Amino acid sequence: MNAQREIDIAAAPPSDSTALRELYLIYNENTEKLRAAFESLERRFREIDPCNIYNSINEGLVTLDDEENILTFNKAAERIFGLPEQEAVGKSIRAVLPRCEAAFAQYRRGDSSGGRYEIAFKNGKNDPVYLKGRFSPLLDRQGAEIGTACLFTDLSIERLLEEKARRSDRLTALGELAAGVAHEMRNPLTTIRGYLQILPDNKDDEDFIKEFSSNLIREIDRLTRLTDDLLNMAKPISPELQRERLSDLAASVGFFLSDKFESSGTQLIVEEDRGGDCVLIDRDRIKQVFINLYMNAIEAMREGGEIRVRFSRRTGRLSEEEKEKVYAVAEVIDNGPGISSHVLDRLFDPFFTTKESGTGLGLSLSHRIVEEHGGFLRVESRAGEGACFGILLPLAAEKE
Ligand code: ADP
Ligand code: MG
């Protein structure tokens with residue numbers, strides 16, 4: 001047919017035949033290009049075999065039959081679990097993936113967590129692995145459930161990097177603490193040394209001796225306060241926690257500091273805790289937090305004032321994955337001068353103080369104590385409007 005047409009074209013008048021031949025050549029050329037493109041597409045389509053995708057992804061993909069035995073195990077799963085596919089197939093997932101029962105049970109129950117799974121373990125090659133994954137139903141072409149698919153991401157490297165960053169943060173904090181201690185000690189020591197140096201020449205001057213002893217006592221008190229605060233800072237919380245009512249503790253610390261309240265003209269009002277909520281705490285450490293908050297309020301209200309302690313409950317969670325927690329809240333509210341925003345930003349920094357004789361360790365220590373109990377210490381204040389410090393501690397479970 002083509003050959004026939006070509007003869008016809010050749011026989012046509014020269015002008016027409018040239019045009020037609022050109023058209024014919026273009027047509028042929030384009031057909032050729034189309035065929036090449038089609039073949040290349042066909043070749044690539046053959047390469048995108050589901051099996052290649054399955055083995056190329058970085059996530060571990062494991063499928064299970066309805067008895068939770070492994071059906072398939074992709075290349076990433078081999079790497080993560082340190083186990084070749086032929087050894088894994090046929091085994092129960094429980095033999096390969098440690099402590100997965102709880103996540104599996106959640107998945108079976110259809111919980112909202114959807115069988116999400118996070119675990120650290122040593123794999124078949126004894127390498128530490130940090131795994132995050134989830135279970136989902138494995139369906140056949142008709143949509144019927146025939147088993148389970150498990151998709152896992154290996155987060156080991158991310159975890160190592162996070163740990164490294166945390167360690168370097170801790171070292172930086174330790175360095176800052178050491179620098180702060182050295183700085184705080186240098187001032188009183190310099191003063192003491194200065195006075196001792198001029199003592200021999202002034203030992204008969206009564207006024208000097210009076211000034212000498214009062215200043216030395218002041219500087220030594222300052223050093224004692226600093227060492228006390230530092231010792232408190234280093235003390236870990238006791239592993240044996242006691243069941244306590246925050247309102248009882250707030251009142252007993254008030255009693256303990258009654259002299260200070262009296263001499264400063266400050267009134268302490270501990271409101272009734274209607275919920276009567278209990279918390280599990282190291283009594284002495286939480287007592288220390290109340291002491292620090294009461295003393296700060298007393299020191300802030302130079303002409304006296306009122307400190308009110310109020311109790312309530314808060315419910316919340318830190319992240320989507322976490323379960324909701326209930327916290328018992330004690331708020332220490334004063335009607336003093338309040339805290340300006342630039343002071344508020346640095347309030348919990350170790351050694352931050354606006355007081356002549358302050359150590360600046362009270363709030364950073366209190367913050368740490370409350371956090372070690374799994375709680376929070378928060379502050380709300382504006383200059384001229386008093387301050388409110390909230391201690392939030394996880395509620396103790398009901399007593400059986
Ligand atoms: P220190 O009491 O030794 O100064 P803290 O860590 O206890 O150290 O407190 C840090 C700073 O926070 C105080 O110097 C003060 O400026 C401010 N502050 C704390 N509590 C209050 C309060 N109730 N009212 C006003 N300012 C406060
Ligand atoms: Mg203080």
Side-chain angles (χ1 to χ4, degrees), residues 173 176-188 218-235 249-250 253-254 256-257 259-261 263-271 284-310 329-373 375-392:
E176 278 170 9
L177 186 74
V181 174
H183 178 78
E184 290 301 308
M185 289 181 83
R186 191 177 295 133
N187 287 342
R218 194 192 63 218
E219 295 306 319
I220 288 169
D221 282 350
R222 197 186 167 102
L223 285 173
T224 313
R225 258 197 313 277
L226 183 68
T227 15
D228 285 349
D229 280 356
L230 282 171
L231 282 175
N232 269 325
M233 204 119 184
K235 227 190 273 174
L249 214 60
V253 174
F256 173 73
L257 291 179
D259 279 359
K260 305 260 183 217
F261 280 107
S263 61
S264 64
T266 308
Q267 202 195 352
L268 176 72
I269 303 165
V270 178
E271 290 189 359
D284 287 342
R285 308 299 283 152
I286 297 295
K287 239 172 139 177
Q288 183 68 52
V289 175
F290 276 106
I291 295 175
N292 291 346
L293 297 184
Y294 289 172
M295 282 311 295
N296 276 348
I298 291 174
E299 284 159 8
M301 302 188 288
R302 295 217 182 98
E303 260 100 66
E306 183 190 282
I307 302 176
R308 187 172 282 275
V309 192
R310 216 165 54 183
V329 187
E331 286 172 309
V332 178
I333 307 158
D334 67 55
N335 59 0
I339 306 169
S340 60
S341 64
H342 74 276
V343 170
L344 214 51
D345 285 345
R346 307 189 48 202
L347 209 65
F348 296 103
D349 290 357
F351 303 108
F352 173 77
T353 180
T354 56
K355 299 169 199 166
E356 176 89 18
S357 58
T359 61
L361 289 176
L363 286 179
S364 65
L365 169 66
S366 306
H367 189 261
R368 225 194 63 196
I369 294 175
V370 176
E371 289 220 323
E372 279 179 9
H373 281 82
F376 307 92
L377 181 63
R378 56 154 208 232
V379 54
E380 272 168 56
S381 179
R382 255 187 284 176
E385 294 182 11
C388 169
F389 284 85
I391 305 170
L392 284 83

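Note that these values count all heavy atoms, side chains included, but never hydrogens, waters or copies made by symmetry. Numbers for residues simply follow the sequence, beginning at 1. In this text the structure is predicted, and so the values were computed from the model without any measurement. Counting convention: from 1, in listed order, for ligands and their atoms alike.
Every atom of ligand 1 is numbered from 1 in the order shown, and the set under 4.0 Å from a heavy atom of Phe389 is 20 (N), 23 (N). Within ligand 1, counting atoms from 1 as listed, the ones closer than 4.0 Å to a heavy atom of Gly358 are 3 (O). Residue Gly362 has at least one heavy-atom neighbour below 4.0 Å for each of these atoms of ligand 1: 5 (P), 6 (O), 7 (O). Close contacts between ligand 1 and Thr359 involve ligand atoms 3 (O) [criterion: under 4.0 Å to a heavy atom].
The nearest heavy-atom contact from the protein to atom 4 (O) of ligand 1 is Thr353 OG1, 2.6 Å. Looking from atom 10 (C) of ligand 1 to the surrounding protein, the closest heavy atom is Phe352 O, 3.4 Å. Closest to atom 14 (O) of ligand 1 among all protein heavy atoms lies Thr354 N, 2.9 Å. Here the heavy atom of the protein found nearest to atom 6 (O) of ligand 1 is Leu363 N, 2.8 Å. Of all protein heavy atoms, the one closest to atom 7 (O) of ligand 1 is Asn296 ND2, 2.8 Å. Ala300 CB, 3.4 Å is the protein heavy atom nearest to atom 24 (N) of ligand 1. Taking atom 17 (C) of ligand 1 as the reference point, the nearest protein heavy-atom neighbour is Leu347 CD1, 3.6 Å.
Ion pair Glu331/Arg310 flagged as a salt bridge, since at least one NZ, NE, NH1 or NH2 atom sits closer than 4.0 Å to an Asp/Glu carboxylate oxygen.
For ligand 1, the polar-atom distance check finds no N/O of Ala387 at less than 3.5 Å from any of the ligand's N/O atoms. Distances between N or O atoms of Lys355 and those of ligand 1 include at least one value under 3.5 Å. The shortest N/O to N/O separation between Gly360 and ligand 1 falls below 3.5 Å.
With a 4.0 Å heavy-atom cut-off, ligand 1 is reached by the side chain of Ile339 but not by its N, CA, C or O. Heavy atoms of Asp334 found under 4.0 angstrom from ligand 1 belong exclusively to the side chain. Residue contacts with ligand 1 for Phe348 are absent, since no atom lies close enough (heavy atoms, distance under 4.0 Å).
In this structure, CE in Met295 is found 5.0 Å from NZ in Lys260, a value given to the nearest 0.5 Å. Separation of atoms CZ (Phe389) and CG (Asn296) is listed at 6.5 Å; rounding is to 0.5 Å. In this structure, OG in Ser264 is found 10.0 Å from CG in Leu257, a value given to the nearest 0.5 Å. If you take CG on Asn232 and CD1 on Ile291, they are separated by 9.0 Å, rounding to the nearest 0.5 Å. Distance CG/Leu226 to CG/Leu361: 6.5 Å, rounded to 0.5 Å.
In this structure, Tyr294 and Val270 approach most closely via the heavy-atom pair OH-CG2, 4.4 Å. Summarising the geometry of Ser364 relative to Pro350, their closest heavy-atom pair is OG-CA, 3.8 Å, with the distance given to 0.1 Å. Contact between Phe352 and Val343 at its shortest, heavy atoms only, is CE2-CG1, 3.7 Å.
Within 6.0 Å of atom CZ in Arg302, 12 or fewer heavy atoms from other residues, nucleotides or ligands are found, so the atom counts as exposed in its surroundings. Arg382 CZ: 12 or fewer foreign heavy atoms inside a 6.0 Å radius.
Looking only at atom types and distance, the side chain of Gln288 has no donor-acceptor partner in the side chain of Asp284 under 3.5 Å away.
Under a 4.0 Å heavy-atom criterion, Gly338 is in contact with ligand 1.
Taking 4.5 Å as the limit, every side-chain heavy atom of Thr359 sits out of range of all side-chain heavy atoms of Glu184. Put simply, the side chain of His367 does not reach to within 4.5 Å of the side chain of Leu347, judged on heavy atoms. In this structure, the side chains of Ile391 and Leu293 come closer than 4.5 Å at one or more pairs of heavy atoms.
Here the Mg ion (ligand 2) has protein N, O or S atoms under 2.8 Å from it, and they come to 1.
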